[in-house]
Every structure is written in structure tokens, then in C-alpha cells.
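We use all heavy atoms of the structure for the numbers below, so side chains are in, but hydrogens, waters and symmetry mates are not. Keep in mind that what you see is a predicted model, and the values were worked out from it rather than measured. Each residue takes its place number in the sequence, starting with 1.
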Amino acid sequence: MIASMEYGGDHVAMAPLWKIVVVASIAAGVQFGWALQLSLLTPYVQQLGVPHMWASFIWLCGPISGLLVQPIVGYFSDRTKNRLGRRRPFIITGALFVATSVILIGFAADLGYKGGDRLDQEMKPRAVAIFVIGFWILDVANNMLQGPCRALLADLSANDHRRMRIANAFYSFFMAVGNVLGYAVGSIDNLYKMLPFTATVACDTYCANLKTCFLIDIVFLAVVTIGVVATVKEVIHPSPKELANGDPEPMTPFSSEVTSAFKNLSRPMWLLYLVTALNWVAWFPFILYDTDWVGLEVYGGKAKGTPAEKRLYDLGVHTGSLGLMLNSVVLGFASLVVEPMGKVVGGVKRYWAIVNFMLAIGLAGTIPVTKMAKAYRAVHGLVPPPTNVKGGALGIFSALGIPLSVTYSIPFALASIYSSSAGAGQGLSLGVLNMAIVIPQMIVSVVSGKLDDALGGGNLPAFVMGAIAAIVSALMALFVLPNPPSQASMPALMAGGGH
């Protein structure tokens with residue numbers, strides 16, 4: 001049964017909840033690849049010969065592509081006239097690009113070796129070049145998928161605020177599902193034995209496991225993408241401007257549309273972008289170096305060291321992958337209670353502030369865990385940390401699943417609500433929100449590696465910077481960010497749905 005709403009005489013169909021769930025499920029396919037990317041690729045690029053302090057610069061690919069791709073894709077997905085709809089053509093194209101990119105990433109060492117890289121060289125320039133190209137394509141593809149998916153969720157919600165929040169909570173839930181699957185697969189030793197051909201002279205066990213993981217990712221993403229395209233048909237509602245004028249909205253140049261979008265931003269939207277940006281300054285150091293922190297500082301290993309140090313580093317990375325899987329389990333459960341928890345504490349923005357304080361505590365907690373691990377090694381030498389240290393690290397990973405559930409849902413729901421109030425296209429509005437996410441990532445990518453290297457070569461300085469940003473973000477969400485407008489205050493013009 002299809003629910004409906006009526007505002008000012010305009011009748012707008014709201015899609016049944018099962019369709020929203022199906023569309024949200026594509027987040028599992030996207031995040032499966034992201035989980036592999038976040039848990040395995042920082043160690044992988046160091047195996048290809050990229051120094052630790054330069055590894056963060058490779059991650060600039062994601063923020064830069066997000067800065068450019070999501071607004072452009074959002075703009076054109078608002079206006080595409082295709083028999084498949086507005087959003088689905090971009091979802092299909094993005095999935096095809098993901099498949100291409102993960103093949104390049106997984107086979108980078110092999111292709112580099114065939115192109116002339118020497119196995120006895122620490123730096124493998126051709127493999128690094130192929131990896132970076134694949135990494136760029138992967139981030140472009142993920143941005144092509146995520147923006148239209150969230151915009152389609154807003155379209156299917158037909159401007160109902162509660163349904164928008166629920167839709168984004170389900171998207172966050174399926175991100176957790178993808179994370180759990182990705183981290184679980186990434187933590188399995190000798191997974192490559194499922195596909196023995198992945199192990200080659202240029203690709204050791206770690207590399208072969210990574211390659212196998214990405215091939216599984218291709219199949220998984222194909223399944224969820226086909227499911228969305230086959231079962232959910234788009235119903236394109238007229239935009240508020242079209243409802244008012246009675247004519248199709250004219251195509252305007254992209255640059256003019258973005259400039260207009262910024263000029264017409266309301267104060268709540270600007271504040272939302274600022275809180276979101278600070279939130280991502282807090283998150284990104286941990287996202288960059290979470291498994292590296294466990295391998296390098298908790299376990300005391302090195303990606304490029306003695307056999308004993310390499311073994312400890314690999315053990316730490318696997319433990320970090322387990323931590324990320326636990327984080328995702330908590331993320332999944334926490335995503336399902338974002339809406340009721342917001343009501344319990346007095347609103348979603350207050351809940352956002354509370355969990356940002358939790359994020360700050362978690363990031364600061366890496367300091368005592370690291371100190372305990374170092375103290376243990378000072379007595380016992382190069383051995384894995386004791387149970388209490390390992391448990392402390394895994395506890396931090398797990399607890400951070402709660403603030404992550406809010407980061408993945410509330411900012412996007414608020415952006416959809418504010419853009420509906422302003423009569424803006426969902427695709428472009430969510431693309432502009434993405435700028436508030438990726439610009440901080442670019443800053444952190446440039447700063448964190450140099451900051452860590454200048455203060456001893458570890459990850460703690462960047463984590464402390466993140467903790468400070470989380471506290472500022474929490475205070476702004478609590479005292480500066482206004483409450484979202486109530487559904488009753490929405491003008492009749494807003495009945496048209498996302499366009």
C-alpha cells in the first residue's frame with residue numbers, strides 16, 4: 001500500500017517503506033568496497049613502497065573527486081530525462097566504474113611487475129601509478145553512486161520529514177551491513193585460497209587476499225545494484241518551481257546553479273555545513289589510520305621492518321579489521337535507533353552533539369591504550385599486546401559506532417529537509433553538503449601525515465586534533481545549530497517532492 005500526503009491541495013504519493021529499504025540496501029554494496037579500502041589499502045600502499053607520511057596524500061583522491069563529482073552528478077541527476085529515471089542511470093554507471101577500479105587496484109602489483117617494476121626495489125612506481133588511477137576511479141564511482149542514492153531516497157520520501165530521517169537511518173544501517181561484510185572478509189587469513197590464481201610472483205599473501213576481497217566486492221555490488229534497478233521504478237515529481245509556474249524548469253548552466261545554490265543558502269544550512277565540516281575533521285584522521293594505529297602503535301610492528309616487526313604489524317592490521325567489524329555491528333544497531341534516541345534526548349541536533357562528545361572521548365582514549373602497549377613492550381619485547389590493551393583498542397572501535405551512525409544519517413536528513421524548505425533539487429543540495437565533508441578531508445590528508453611525522457611518526461597527534469574538532473562540533477551543534485523546521489511550517493509549494 002502506498003502512503004500519501006496532501007499539502008495545500010497537492011497530492012503527493014509516498015513510496016512504501018520496502019522500496020526505501022531496497023534503495024538503501026545499495027549502501028551495503030558501496031560500503032563493502034569502502035570497508036576494504038579503509039582497512040586494507042593504507043598498509044597496501046606502504047607495501048608498494050609509499051612512505052607512511054605520504055600515504056595520506058593518496059587519500060586526497062577521495063575528497064577531490066567528491067568535491068567535484070557529487071555536485072555535478074547531483075545537478076544532472078536532478079534534470080536527467082531518461083526512461084530509467086533521473087537517479088538510476090547514474091547508479092548503474094557508478095557500479096560499472098567500481099568494477100573497473102577494483103580490478104586496477106587489486107592487480108596493481110601484477111600490472112606494475114609486467115610493466116617493469118623490480119621485485120627487489122622497495123618503491124614500485126608503476127604499481128603505485130596504476131593503484132592511484134584505480135583509486136581515483138573508485139572514489140569517482142562511489143560518489144556517482146552515493147549522491148543519487150540519497151537523492152532517490154528523498155524523492156521516495158515525498159518531502160515527509162520523518163520519512164526522510166528514517167530513509168537516511170536505513171541507509172546508515174546498510175552502510176553498517178556493508179562494513180561488517182567487508183571487514184569480516186578483510187580479516188580472513190588465506191582467503192586467496194578461494195581463488196588461487198590471485199597469488200603471483202609479484203603479489204604475496206596479503207596482496208592476494210586483497211585482490212580476492214575486491215573480486216568478491218564486484219559480485220556483491222552487482223547483485224544489490226540489479227536489485228534496485230529491477231524493483232524500484234522512479235516517479236519523478238515536478239519541482240516546486242514547476243508547480244508554481246506550470247512549466248518545465250529550464251536547464252541552467254551548472255556553474256550558475258551552484259553559485260545560485262550558495263547565494264540562496266539559509267543560515268541553518270550554512271551552520272549545518274560548518275558543523276558537518278568540523279565533524280569530518282574529527283573523523284578523518286581515525287578513518288585514515290585506524291588499522292595502521294593498531295599495527296604500528298598497539299602491536300609495535302612496522303609495515304617495512306624486520307620479519308618479526310612485519311608479522312606484528314600484520315597481526316595488528318587484522319585486529320584493526322576486527323575492530324572495524326565490531327564498530328560496524330554497533331553502527332548497524334545504533335542506526336536503527338537514531339530516530340527514537342533523538343526524541344528521547346530532545347531533538348536530533350542535541351543527539352548529534354552528545355555523540356560528538358563521545359567521539360572526542362574515543363579519539364582521546366587512543367593515548368592511554370598506546371602508552372600501555374608501549375610500557376608492555378618495554379618489559380616483554382616485540383610480542384603482541386596483552387588482552388587488556390587489545391580489549392581497550394577494540395572497545396574504542398566498538399564505541400565509535402554510535403557517533404558514526406549519526407554522522408551517516410542526521411546531516412543528510414537535515415540537508416534534505418532544509419533543501420525541501422528552500423525548493424532546491426535534492427541531488428544538488430546533497431552534492432553541496434558533500435563539499436562540507438570532502439574539503440575537511442583534503443585538509444586533514446595534507447596536514448595529518450606531516451603533523452604525525454613532525455611529532456614522532458605515530459598517529460596520535462592527528463587523533464588529538466580530531467578530538468578537539470569533535471568537541472567544537474558538539475558545542476556548535478548544541479548551541480548554534482537551529483532546530484529543523486516542523487512539518488507543519490512547510491509551505492504548500494513544498495509538496496512537489498525532490499526533483
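Residues that satisfy the ring pair (Phe, Tyr, Trp, His ring centres under 6.0 Å) test with F97, not counting sequence neighbours, are absent from this structure. Considering only residues two or more places apart in sequence or on other chains, D110 meets the salt bridge (Lys or Arg N to Asp or Glu O under 4.0 Å) condition with K211. Contacts of N356 classified as side chain to side chain donor-acceptor pair (under 3.5 Å), with partners at least two apart in sequence or in another chain: N279, S473. In this view, V22 and W18, V228, T231, V232 satisfy the side-chain contact (heavy atoms from CB on, under 4.5 Å) rule, not counting sequence neighbours. With sequence neighbours left out, the side-chain contact (heavy atoms from CB on, under 4.5 Å) criterion links V329 to V180, F333. Looking at residues two or more places apart in sequence or on another chain, you find no ring pair (Phe, Tyr, Trp, His ring centres under 6.0 Å) involving Y408. For F412, there are no ring pair (Phe, Tyr, Trp, His ring centres under 6.0 Å) partners two or more places apart in sequence or in a different chain. Partners of K124 by side chain to side chain donor-acceptor pair (under 3.5 Å), not counting sequence neighbours: none found. Residues passing the side chain to side chain donor-acceptor pair (under 3.5 Å) test with T319 are Y299, sequence neighbours excluded. For the ring pair (Phe, Tyr, Trp, His ring centres under 6.0 Å) test, residues two or more places apart in sequence or in another chain that qualify with F32 are F220. By the side chain to side chain donor-acceptor pair (under 3.5 Å) test, S335 is found to be paired with S172, residues two or more places apart in sequence or in another chain being considered. Not counting sequence neighbours, C213 has no partner by the disulfide (SG to SG under 2.5 Å) test.
If you check the side chains of T407 and W283, you find a donor sitting under 3.5 Å from an acceptor. N459 and D292 are linked by a side-chain donor-acceptor pair at a separation below 3.5 angstrom, with hydrogens and angles left out of the test.
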